[in-house]
Asker: 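Structure in C-alpha cells, see below.
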Amino acid sequence: MKRDFVLFFISIVFSNYMVHGKDGHCSWYGECGDSPTGKYNCLYTGPAIALKNETGLKILKTYCPDLLEEKGYTYTCCDTDQLITIQKNMGLPQQFFLRCPSCYRNFLNLYCYQTCSKNQSNYVFNVKTQPMPTNKTKTQITKIDYFITHTYANGMFNSCKGVQMPSANERAITVFCGHPADQCTIKNWLQYMGDTTNGHTPFDINFNITNTPITPNTTNTTFYPMDVTTSLCNETALNKSACSCQDCTLSCAPMPPFPKPPKPATILGFDAWYFIMCILYIIFVLFFGTYGLCYNIISRNAFGIKQKKYDSIEERPCGRTGSINGHGQSRKKKLSAPLVEEKDINCLEKIGAGVEKFLRNMFLTWGLVVARHPVIVIVLGILIAGALSAGLYFFKVTTNPVDLWSAKNSRARTEKDYFDSHFGPFYRTEQLIVTRPNNNTIVKHKNPGSLVSYTNYTSLFDKEFLHMLLDLQLEIENLTATYKGETVRLQDICFKPLAPDNNNCTTESVLEYWQKSHENIDKLAYTPDGWFVKADYLDHFHFCVSAPASTQDTVGLNISCLATNSAPIFPWVAMGGYDGLNYQDSTAFVITILVNNHLKDEDNEKAMAWEKVLIDFLKTRQNSLNMTIAFNTERSIEDEINRESSSDIWTVLASYLIMFGYITITLGQYGMCENPQKLLIDSKITLGLSGVTNVLLSVAAFLGTYIIFGKPATLIIIEVVPFLVLTSRPISPGLSGKFSALSVAASLGTYSYFGIPATLIIIEVVPFLVLAVGVDNIFILVQAYQRDTRPPGESLEEQIGRIVGRVGPSMLLTSSAESIAFFLGALTNMPAVRVFSLYAALAVLIDFLLQITVFIALMTIDAKRQEDNRFDACCCIKEPGSKKEKHEGWLFYLFKHFYAPFILKEYVRPIVVLVFTAYFFMNIAVLHKIGLGLDQKLSMPDDSYVLRYFGNESRYLHVGAPVYFVVREGHDYTTMQGQNALCGGNGCPQDSLVGQLYTASKLANYTYIAQPTSSWIDDFFDWLAPGGSPPCCRLFPNGTFCPATVVDKTCTACPVHKKPDGRPTPQDFMKYLPIYLKDNPGTKCAKGGHAAYGSGVNLIHNKTQVGATYFMTYHTILRTNEDFIGALREARKIGENITNTITTKTSNATVFPYSIFYVYYKEYLTLYFYVYYEQYLTVVHDTIFNIALCMIAIFVVTFILIGFDFFSAIMIVLVVSMIVIDICGMMYFWDITLNAVSLVNLVMAVGIAVEFCAHIVRAFAVSLQPTKLMRAEEALAHMGSSVLSGITLTKLGGIIVLAFSKSQLFQVFYFRMYLGMVLYGATHGLIFLPVLLSYIGPPINKAKLYDAQQRRKHLSVDSDNDDINSSRQNLVSDSGAPPDYNTLADPAL
C-alpha cells in the first residue's frame, strides 16, 4: 500500500472565473468537454443557479456542506456533472485525509469554494479561455488564478501536514505534494496540485496566497482572496471527532522528557571503578605491609627477641637448598615438631585423613590390578570406548544459528516460533551493493526551466552505466539452476506480494523507477516547439525519489515510479552513501531480491540451488572495470563458515602435531647419549600415537553418547574437546597421542548415541580443553614414574600400583572438579554454552577413565619394553646392555635447586604479591568496559567475498531493521474498546498501540523506533468509508466483491452498517475484513490490504474471528552491537507497556516485538535479530552464573578430595578466580568482546586454571614439611616442573600456530584467549600461588601428622642416616608446650 496514487482528486475539474465585486457571481458553470487530464469547465459570468437535482444536492451535502443553504434553494456555480466530478476526484483524498476530519474538511473547502461558491468571481480569475472545439458557442476555461488568504492556506496545510499513511509508514501529504513530507511547504503543495503536469489536474490553477485584495495587470477587476474559516486539527469536523495524536501534534499530550543517557559513575572526577580499586589496593598494601612487619618481628624474631618455646624453629634451611623430599643430606638446622596427641585432632581432620588414606589405597589397588592384567584392561577399555565411539554413525553438527544462540524455551525463540507459525518466516534476501570507486566523474544535469542552473550527479547516474547495470540485473533475473533434474528460475522462488494479479518478483532497485526498461531510461520529453529537451531520465529520477509512490511523473515523460510489481521503491532502500536527502550524491546502488522462505529446510532447497548459481555468477562479475559489486545471499554466511572451518584444517593440524611432537619428545628420559641406540629405547613414539588415539576416542565416545539422546554437537565442541582430553591423560609419551584420540572419539560417539548434536563451538574448543587438562596429568604421572626408585624386592607392577596410589588422587581431584564444574555449567540457558559444558564434562570424564585403565596398562607394557632394552615401535629388536640408572630431569633440577628457592626468597615474595594484586585490581576496574557482541567480520575467512559486503553494508546502507509488534490471539477487534486499544485514527486514544509507537518514534534516539507503525485496522476503516468514484468497497449484484479497478456500473457500494461512532458493526467488521485483505491497492483505491497486510492478519474459526496480527515499523539505523542490544531492550519495554495498557481495557492478549535482520547485521544472514541479540541482554548474568557454578563445584570437590580441607579449597578457588578475572581484563585490553564464544572460553579457562592450581595446592596440603614456606617450596619443585613441562609448554607451541590461522575468529577468540589462559594460568600457578601458600596456606592436617608420627615410632632407620634419625628423634621428643599446627609439620615421608 505504499503507493502514491497521485492526485486524481486534484483533477478536480474546477476552475473559476471570478466576476467582479464583493457580492460576486459565477466564473463558470457546467462542463465543456475533455481536457488531456480531466474536463474543462464552461465560461459563465452570470449569477449562481439554484441546484435542484437530488443527486447533486446529496453530493453537495456530503462534500461541501458549508455551501448548503438551510432554507430554500441552494444557489451554486456548479451543476450536478461538476459535483459528480468532485465526488470522483475526492476518492483518494478521502482515503488519505479522512482519518483527520479537520484536514479533510479544509481540503474539501479549497475545491468546493473554487468550484461551486456563489461568490466564485471574488477569488477566481479566468486567465485563459478557448472555444470548445465541438461547440463554438461554448468557451472552455484552460487556466485560472485562485486567490486565497495566508490564514486559510496555512490553516489547511497545518491541519494536513501530519496526517499519516499507515500502510507506507509515511505522511499522506507526500502523495499530494510531489516532495517528501519533510520538504513539503504550502507553496510547493499548492503549486504541485495546480500543475497539469501532475497528470491529474484538468487545467492549470495558479494559487495566489495573499491577505489583501489584488487587481491583476490584465484586468481592472479587484479580487478578494477566499478566507473560509479553517478547523484546527484538534477540533471536531464533519460530525467526527478530532484528529488523533498520530495525525495532529495539537492533539497530543505533552511529550515525555527525553531520557538522558546514564553518565559514567565518577568519584572526585575519576571513574568510580578505577577509584574504588585504587583505594582497595592501597588498603591491601597497608594491610600487607603491616602483616609483613608483624610477621618478621613476631614469627621471624627479626629483632633478636628471645623466644623460649620455639628457639630452634627455622623457616628456611641454612644452606642453599636443603632437603625437601625426605631423602638425601640436609644442611639445615634441626627442627622441633611437638608431638601430636589424639585428643588434639578434630572430627573434620580425622575424616579428611581417612579420605586421603582411602583414595591412596583405592588407587594403589587399582593400579596394581591394571598393571598385572594390562592386555585384558586394554581390550575391555578399547571395546567400551569403541562402542561409545560407534555413536558417531549418528553424528550431526548444529549450524543453525537460532539453535546455537537461543534456547528453545527462551523468550525470543518462542516469539520467533509464534511469528513463523502464524505469519510465515521472513523471506530470503539476496543483496548487491554496486559502487564505482574508481570513477569520480560528475554527471552534470541542467535543471528544468533553466539555461544556466545545473545539478551534479555522481558517476553512478551516467546513462551508459545505468544501461550496464540494467543488463546485469536482467541477467541475474534470468539465471537458472538445476535441482533434482528440475530447472529453477527466479520466477519460481521469488516473493510476489500481489500474486496472482501481478506475478512480477519483488526486486528493490533504483532501476525499477524506469520499470527495468532500456526504452524508459532513454526516453525524452521535448518542449512544445520540439527544439529542446524538457525532461530526461534524471528528471524522472528526481521526481520519483520525491514521490516514490507516484503512478506517473509530472516532468513530461509520463512514466510511473512504481516497480514492475506495482510496489514503490523507497530511495533510502535502493541507494546508499548520501547525506540527508541528497540522493543525487549517492555512491552506491543497492539491489535487493526477495525470495520466498519456508519453515522446512527441504522446501528451501530450490532457492538454495538458485542462490548457488547466483554466487558463482557474481564472483565472476564483482571486480569488473566499470563497477564493483559487493554481494551477499541467504546462504552465503553458512557457506563461508563451512569453508572457513575446512580452510584452517592445516593450521589446526600443525598445532596438534607440534603439541604431540613436544609430548613425545619431552616425556622421554634422555641422559648422556653414550650409545645412540639408547634413543630408540627411551623414545615414546608408540606411546605418543596411542595418546592421540585416546583423545579422539574419548571425544568420539562423549559425542556418541549425547547423539543417542538427540543432543546436537557444535563445531566448537569437536575442535576443542581433543585438546582438553590430550592434556588430561596420565600417559607415557607415546601413549599420550593415541589415547587422547580414543577419548575424543568415545566422547563424541557417546553423545551421538543420545542424539545430542555437536556445534561449531564444541569442535573448536573442546579439543583444546581436553589437551590442556590431560597433558598436565600425563607429565605428573610419567615423571612420577621416572623419578621413582623401585625398592629391592618390588616388582614393576607393584611399583606402578604405588605410583598410581600416590598420583591418582591428584588426577581424580582435577578431573572430577573440572567435569562436575562443566556439568553444572550445563544449567545455563544459552545452548552454545550448555552443549559445550555437556560435551566437555563427559570428555574429561571419559579421558580420566581411559587414563586410569587403558593408559596405565599400556604404560606398564611400555615400561617392560624399556626395561628389557627393546626399541620403541620395533619391540622385536633388543639392545643388550645394563639397566639404565634413573636420574632427575633437567627441568626438575632447575625447579628444585634454583627456581623454587628464588621465587620464595624473602625479598621476592612481597614483590610477587604486590605485582599480582595490583594487576588483579586493575583488571577488576575494567570489567565493566568489556564490549558485548561478535563483530561480523571475525566470522569470515580473510579472503571471503562477504567481507567486502560487510564493509560496504556499514558504509552505505541507510535502512534500519523492520520490527513487528505482534498482538497474540485473544484480542477482540470488533468492539470499540478493542479497536481503540490498537488504532491510531480519529477517535483513537493516545495510549493505543499505534499511539504508543508514534510517541516512541518521536524519541527515536532513545527508543530506536524510526517511524510510526503501519496499521491495518486504520486502513481498513478508511477502505470501508464511502466516497470516491468508485468507492474501495463495492459488490456485484450477486454479493461478491467488485474491485475498484473493475469498470462495471452494476457494482454498488458495500452496505456497511455503522455504529454511532461511525465504525462498522461487529458483523460487518468480520464480513468485509477478509475482502479487504484480498484487495490489491491501485490507482482507484490505494487502501487495499493485500500487499501490506495479507499475511499480517490471521483469520480463524472459518474467518469469523481475528487471531494474531502484527503492526510493522522500523528501527533506526543500527550499526554497533550496543545499538542492536539497546533496540531489543527498548522494543521489549514498549511491548510490555502496550500489553499492560490493552489488557486493562479489553483483552488478555499480549504484545511482543519481533525483528529479523535480513542483511546480516552483526551475525549470520539467516539470523533472527532479536533471537541472536537476546543473549546479550543476559550474557553478563550468564557469565557470572556459569563461572560461579563452576567455582562452587570446584570448591566442593576440592574440599572433599583434598581431605575436607576448607583452606585448600579456598586457595584453589581464589587463584582460579584471579586467573579468570585477569583473562577478562585481557579481553578489554586486547579488544575481545563478550559473547557465546568467549563465554565458552571463560568456562573452559576455569577448567584449565584448575590444572595449574590444584596439583600444587594438593602437594602443599599433603606435605609434612615443618613450615608453610618449606611446604610451598616442596610443592612447587615437585609439581611445578610437571605443570610447566606439561600444560604450559605443550599448549604454547600449539597456540602460537593459531596466530597464523586464516580465520579471524581463530586469531581473536582462540589464539588470544588460549594464550591468555596459558600465560595467566602458568604465572599464577607457578609464581603467585606458591608465594600465597607460603603466607596463608592451609595448616597441616593434625590427623595426618599424628599418623606419620605413629608410623615413625615403629620405623627402623639405618644408623648412618643422621637426618632421618634426627627427624625421628625430634618427632617423638616430648615437648612441654602445645604445638602450633599452623606453622609446624612433620617432614614428608
Side-chain angles (χ1 to χ4, degrees), residues 174 177-185 187-188 191-192 195 197 432-473 508-514 516-518 520-527 531-548 550 553-557 559 561 569-591 624-630 952 954-959 1117:
T174 301
C177 191
H179 293 78
D182 292 337
Q183 298 179 358
C184 186
T185 64
K187 182 178 180 180
N188 56 31
Q191 182 179 355
Y192 180 75
D195 194 342
T197 59
L432 289 71
I433 302 177
V434 181
T435 57
R436 302 187 77 183
N438 300 321
N439 192 326
N440 296 319
T441 58
I442 299 298
V443 177
K444 297 182 72 67
H445 176 67
K446 188 175 70 173
N447 294 326
S450 174
L451 296 177
V452 295
S453 176
Y454 289 84
T455 298
N456 291 331
Y457 288 76
T458 63
S459 60
L460 290 177
F461 295 92
D462 178 75
K463 182 186 289 188
E464 294 305 317
F465 178 76
L466 289 177
H467 282 298
M468 188 188 311
L469 184 61
L470 178 55
D471 288 335
L472 173 69
Q473 182 171 329
E508 296 177 342
S509 165
V510 69
L511 298 169
E512 294 285 358
Y513 287 143
W514 298 277
K516 296 184 294 189
S517 167
H518 287 289
N520 284 349
I521 294 176
D522 290 330
K523 190 174 182 180
L524 300 173
Y526 293 90
T527 56
W531 287 96
F532 300 101
V533 174
K534 177 183 178 182
D536 62 5
Y537 71 104
L538 290 178
D539 297 302
H540 177 73
F541 167 82
H542 179 73
F543 173 83
C544 290
V545 296
S546 299
S550 298
D553 64 45
T554 62
V555 299
L557 295 174
I559 300 175
C561 293
I569 302 298
F570 295 107
W572 56 87
V573 174
M575 287 172 282
Y578 56 84
D579 294 323
L581 299 176
N582 300 315
Y583 301 116
Q584 73 276 3
D585 296 333
S586 297
T587 53
F589 284 154
V590 183
I591 300 175
S624 64
L625 293 177
N626 293 310
M627 71 174 72
T628 299
I629 303 172
N952 287 3
S954 299
R955 180 179 180 182
Y956 295 116
L957 295 195
H958 280 257
V959 62
I1117 298 173

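Numbers here simply count residues along the sequence, with the first being 1.
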Asker: Say whether, by atom type as modelled, one donor and one acceptor occur between the side chain of Asn439 and the main chain of Arg436 under 3.5 angstrom.
Answerer: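 Answer holds: no.
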Asker: Measuring from Leu470:CG to Ser509:OG, what's the distance to the nearest 0.5 Å?
Answerer: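 Result: 8.0 Å between the selected atoms.
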Asker: Indicate whether the side chain of Ser459 and that of Asp462 have a donor and an acceptor atom separated by less than 3.5 Å.
Answerer: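 Per modelled atom types, Ser459 and Asp462 side chains form no pair under 3.5 Å.
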Asker: What's the shortest heavy-atom distance between Lys523 and Leu557, and which atoms?
Answerer: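 Result for this residue pair: NZ-O, 2.9 Å.
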Asker: Determine the minimum heavy-atom distance between Asn456 and Gln584, stating which atoms define it.
Answerer: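 Answer, listing the atom of Asn456 first, then Gln584: O-CG, 3.4 Å.
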Asker: Can you measure from CG (Asn520) to CD (Glu512) and round to the nearest 0.5 angstrom?
Answerer: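 One finds 11.0 Å between CG of Asn520 and CD of Glu512.
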Asker: Quick check against the 3.5 Å criterion: does Asp553 have a side-chain atom that pairs as donor or acceptor with the backbone of His542?
Answerer: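 Judged by distance alone, no pair lies under 3.5 Å.
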Asker: Quick one: does any side-chain atom of Asp195 pair with a main-chain N or O of Tyr192 as donor and acceptor, under 3.5 Å?
Answerer: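 Side chain of Asp195 to backbone of Tyr192: no pair is present.
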Asker: How long is the straight-line distance from CD1 of Ile442 back to OG1 of Thr455, given to the nearest 0.5 Å?
Answerer: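 Answer for the OG1-CD1 pair, Thr455 versus Ile442, is 12.0 Å.
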Asker: Using side-chain contact (heavy atoms from CB on, under 4.5 Å), reason through Val590 and Met575 one step at a time and then give a plain yes or no.
Answerer: CA-CA 5 Å; Val590 183; Met575 287 172 282; over 6 Å; no
Asker: For Ile591 versus Leu469, what's the shortest heavy-atom pair and its separation?
Answerer: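 Minimum heavy-atom contact is CD1-CD1, 4.0 Å.
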Asker: What are the two closest non-hydrogen atoms of Thr435 and Thr587, and how far apart are they?
Answerer: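 The answer is CG2-O, 3.4 Å.
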Asker: List the steps and the verdict of side-chain contact (heavy atoms from CB on, under 4.5 Å) for Lys463 and Asp522.
Answerer: CA-CA 8 Å; Lys463 182 186 289 188; Asp522 290 330; 3.4 Å; yes
Asker: Check step by step if side-chain contact (heavy atoms from CB on, under 4.5 Å) holds for His518 and Asp471.
Answerer: CA-CA 9 Å; His518 287 289; Asp471 288 335; 2.9 Å; yes
Asker: I'd like to know if the side chain of Tyr526 reaches the main chain of Lys534, judged simply by a donor and an acceptor atom lying under 3.5 Å from each other, with no hydrogens or angles considered.
Answerer: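 Flag not set: sc Tyr526 to bb Lys534 has no pair under 3.5 Å.
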Asker: With heavy-atom distances below 4.5 Å as the criterion, would you say the side chains of Lys446 and Val533 are in contact?
Answerer: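 Side chain of Lys446 against side chain of Val533, heavy atoms only: no contact under 4.5 Å found.
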Asker: Using a 3.5 Å distance criterion without hydrogens, assess whether the side chain of Ser586 forms a donor-acceptor pair with backbone atoms of Ala588.
Answerer: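 Looks like no, no N/O pair under 3.5 Å.
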Asker: Given 3.5 Å as the limit, does a donor-acceptor pair link the side chain of Tyr537 with the main chain of Phe461, or not?
Answerer: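 Yes; judged by distance alone, with no hydrogens or angles, the pair exists.
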Asker: Step by step, work out the ring-ring contact (aromatic ring centres under 6.0 Å, His included) result for Tyr457 and Tyr583.
Answerer: CA-CA 9 Å; Tyr457 288 76; Tyr583 301 116; over 10 Å; no
Asker: For Lys187, is the NZ atom crowded, meaning more than 12 foreign heavy atoms sit under 6.0 Å from it?
Answerer: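 No.
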Asker: Between Cys561 and His540, what is the shortest heavy-atom contact and its length?
Answerer: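 Cys561 and His540 have their closest heavy atoms at SG-CE1, 4.1 Å.
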Asker: Apply the test side-chain contact (heavy atoms from CB on, under 4.5 Å) to residues Leu957 and Ile433: give CA-CA distance (whole Å), side-chain angles for both, the deciding distance (0.1 Å), then the verdict.
Answerer: CA-CA 9 Å; Leu957 295 195; Ile433 302 177; 4.1 Å; yes
Asker: Looking only at heavy atoms, what is the nearest atom pair of Phe589 and Leu466, with distance?
Answerer: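 Of all heavy-atom pairs spanning Phe589 and Leu466, the closest is CE1-CD2, 3.7 Å.
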Asker: In Å, rounded to the nearest 0.5 Å, how long is the span from CG of Asp536 to CD1 of Ile521?
Answerer: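 Rounded to the nearest 0.5 Å, the CG-CD1 separation comes to 11.5 Å.
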Asker: Rounded to the nearest 0.5 Å, what separates atom CH2 in Trp514 from atom CZ in Phe541?
Answerer: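 Interatomic distance, Trp514 CH2 to Phe541 CZ, rounded to 0.5 Å: 6.5 Å.
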Asker: Indicate yes or no: at least one non-hydrogen side-chain atom of Leu538 is less than 4.5 angstrom from one of Val443.
Answerer: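 Result yes, sub-4.5 Å side-chain heavy-atom pair found.
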Asker: Are Tyr578 and His958 side-chain neighbours, meaning at least one heavy-atom pair lies under 4.5 Å?
Answerer: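 A side-chain contact exists here, since the closest heavy-atom pair is under 4.5 Å.
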Asker: Look up atom OG in Ser517 and atom CD1 in Ile559, then write down how far apart they are to the nearest 0.5 Å.
Answerer: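 Reported to 0.5 Å precision, the distance equals 7.5 Å.
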